[in-house]
Amino acid sequence: MLITAPRIHDGYRFLPAGSALETDDHTGAVLAIRSGCQAAGAHVYPGVLCPGFVNAHCHLELSHLAGLLPRRTGLVPFLRGVVAHRTAFSAGQKHAARWAAAAAMRRAGTAAVADVANTADTADLRTGAGLHIHT
């Protein structure tokens, strides 16, 4: 399959206009970059095609606290807030928040996550969230 977009970034630079990516029909892996072709028959995506992003430090197990703790207050107030609020949510609320956070990252182009975990709460995300999650 050929795919293209108004701009394609290969991780190092933007490719010349008219470039297209040849991908494997089953895995989606990029097989070749075709430069200077008109990409006849290519599926055209709006925006920019680029490699997936990597979130190199994440705490998915704390997703239920998003927006609850004040920002830019320093580490000690942050940790106090985590301790004060981490048990104020049901297991279902925490689960839903983790999955929503993983889905939001995936929609934004994140392909891999280094999840810093203190519990096994995010173990289910490692196989079902559509992300490569490493702890």
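The analysis underlying the following values was restricted to heavy atoms, covering all of them including side chains, and did not include hydrogens, waters or symmetry mates. Along the sequence shown, residues carry numbers from 1.
Under 3.5 Å, the side chains of D115 and T122 contain a donor-acceptor pair of N or O atoms.
Judged purely by atom type and a 3.5 angstrom limit, E61 uses its side chain to pair as donor or acceptor with the backbone of T119. In this structure a side-chain-to-backbone donor-acceptor pair under 3.5 Å is missing from T4 to A20. Looking at H59, its side chain does come within 3.5 Å of a backbone N or O of V116 through a donor-acceptor pair. Remark: side-chain polar atoms of R98 are paired, donor with acceptor, to backbone N or O of D121 under 3.5 angstrom.
Scanning both residues, Q93 and S90, for their nearest heavy atoms gives OE1-N, 2.7 Å. Taking all atoms of both residues into account, the shortest heavy-atom contact from A5 to G47 is CB-O, 3.6 Å. Taking each heavy atom of G52 and A111 in turn, the nearest pair found is CA-CB, 3.9 Å. In this structure, A56 and A114 approach most closely via the heavy-atom pair O-CB, 3.4 Å. For the residue pair A97 and S63, the shortest heavy atom distance occurs at O-CB, 3.5 Å. Across L125 and A102, no two heavy atoms sit closer than the pair CD2-CB, 4.0 Å.
Under a hydrophobic clustering in which Ile, Leu, Val, Met, Phe, Trp and Tyr are joined whenever their side-chain heavy atoms come within less than 4.5 Å, directly or via other members, L75 and L65 fall into the same cluster. There is no path of hydrophobic side-chain contacts, each under 4.5 Å, that joins F53 to V113. Note on L60 and F78: separate hydrophobic clusters, where clusters join Ile, Leu, Val, Met, Phe, Trp and Tyr whose side-chain heavy atoms are under 4.5 Å apart, directly or indirectly.
Within the model, atoms CG of L62 and NE2 of H85 stand 12.5 Å from one another, a figure rounded to the nearest 0.5 Å. Taking NE2 from H43 and OG1 from T23, the interatomic distance works out to 10.5 Å, rounded to the nearest 0.5 Å. Note that CG of L68 and CZ of R86 are 13.0 Å apart. Values are rounded to the nearest 0.5 Å. Expressed to the nearest 0.5 Å, how far OG of S19 lies from CD1 of I3 amounts to 12.0 Å.
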Might you work through the side-chain contact (heavy atoms from CB on, under 4.5 Å) test for L21 and L2, ending with a clear yes or no? CA-CA 6 Å; L21 304 178; L2 283 178; over 6 Å; no
Verdict with reasoning, R13 to L15, per side-chain contact (heavy atoms from CB on, under 4.5 Å): CA-CA 6 Å; R13 61 184 165 76; L15 300 178; 3.2 Å; yes
Determine, step by step, whether V48 and I8 satisfy the side-chain contact (heavy atoms from CB on, under 4.5 Å) criterion, reporting the C-alpha distance in whole Å, the side-chain angles of both residues, the deciding distance to 0.1 Å, and the verdict. CA-CA 6 Å; V48 177; I8 300 174; over 6 Å; no
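Atom CZ of F14 has more than 12 heavy atoms from other residues, nucleotides or ligands within 6.0 Å.
Test L31, D25, D24 against M1 for side-chain contact (heavy atoms from CB on, under 4.5 Å) and you get one pass: D25.
Using the six-membered ring where Trp is involved, W99 and H95 have ring planes that are tilted, between 30° and 60° apart.
Between L49 and R7 there is no side-chain heavy-atom pair separated by less than 4.5 Å. Residues V54 and T110 are not in side-chain contact: their nearest non-hydrogen atoms beyond the backbone lie 4.5 Å or more apart.
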